[in-house]
Amino acid sequence: QVQLVESGGGSVQAGGSLRLSCSASGYTTSRRSMGWFRQAPGQKREGVATTNRDGTTNYAEFVKGRFTISQDNAKNTLYLQMNSLKPEDTAMYYCAADSIFWSRGPPLGVEAFRYWGQGTQVTVSS
């Protein structure tokens with residue numbers, strides 16, 4: 001069993017920054033892949049950034065150069081540093097994990113992840 005708890009969301013003005021954290025528990029073999037996803041009201045959940053345990057990452061085009069995914073394996077924590085935030089980044093952000101290891105980095109599809117957190121809200125005002 002894997003438990004994921006997100007934190008760090010909030011309200012910021014456009015151009016601001018936030019850092020999301022995801023505290024993970026459970027077998028590390030169940031967390032070979034981890035990622036951040038987001039879902040705006042009325043929209044499908046979409047991939048933002050993913051990483052496997054050796055640090056290979058994938059990013060959605062709309063966050064490249066602005067967001068950075070990282071992890072501290074000793075602390076069992078996944079991070080998402082978000083800079084240059086835009087109003088269109090407003091969404092509920094979810095942490096996800098899965099046991100499959102992807103040599104080229106986990107895909108950005110929701111179907112690739114089995115375990116999910118409850119989410120943390122990010123609101124960016126113009």
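Hydrogens, waters and symmetry mates are skipped; everything else that's a heavy atom, side chains included, is used.
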So which atom in [X] and which in [Y] form the shortest heavy-atom distance, rounded to 0.1 Å?
X: Val2; Y: Ala97; result: CG1-CB, 4.4 Å
X: Ser125; Y: Pro87; result: C-CG, 4.5 Å
X: Arg31; Y: Ala24; result: CD-CB, 3.6 Å

With sequence neighbours left out, which residue pairs that include part of [range] fulfil the side-chain hydrogen bond (donor to acceptor under 3.5 Å, both in side chains) condition?
range: residues 10-25; result: Ser17-Asn83
range: residues 101-111; result: none
range: residues 56-69; result: Asp54-Thr56, Glu61-Lys64, Arg66-Asp89

Can you pull the disulfide bond (SG atoms under 2.5 Å apart) pairs that have at least one residue in [range], sequence neighbours excluded?
range: residues 33-71; value: none
range: residues 15-100; value: Cys22-Cys95
range: residues 23-60; value: none

Set of residues satisfying side chain to side chain contact (heavy atoms under 4.5 Å, CB included) with respect to Ser99, sequence neighbours excluded: Arg32, Arg114
Please list all pairs passing the ring pair (Phe, Tyr, Trp, His ring centres under 6.0 Å) test where one or both residues lie in residues 4-41, with sequence neighbours left out. Phe37-Phe113, Phe37-Trp116
What ring pair (Phe, Tyr, Trp, His ring centres under 6.0 Å) pairs are there with at least one residue in residues 68-99, not counting sequence neighbours? none
Check whether any side-chain N or O of [X] sits under 3.5 Å from a backbone N or O of [Y] as a donor-acceptor pair, and report yes or no.
X: Thr90; Y: Val124; value: yes
X: Thr51; Y: Met34; value: no
X: Glu6; Y: Gln118; value: yes

Among residues at least two apart in sequence or on other chains, which ones pass side-chain hydrogen bond (donor to acceptor under 3.5 Å, both in side chains) with Asn73? none
Just list the side-chain donor-acceptor pairs under 3.5 Å for residues 39-48, sequence neighbours left out, or say none.
from: Gln39; atom 1: OE1; to: Arg45; atom 2: NE; distance (Å): 3.3
from: Gln39; atom 1: OE1; to: Arg45; atom 2: NH2; distance (Å): 3.4
from: Gln39; atom 1: NE2; to: Gln43; atom 2: O; distance (Å): 3.1
from: Glu46; atom 1: OE2; to: Arg38; atom 2: NE; distance (Å): 2.9
from: Glu46; atom 1: OE2; to: Arg38; atom 2: NH2; distance (Å): 3.4

Do Leu80 and Val5 share a hydrophobic cluster, counting only Ile, Leu, Val, Met, Phe, Trp and Tyr and linking them when any side-chain heavy atoms are less than 4.5 Å apart? no
Which residue pairs pass the salt bridge (Lys or Arg N to Asp or Glu O under 4.0 Å) test with at least one member in residues 72-85, sequence neighbours excluded? none
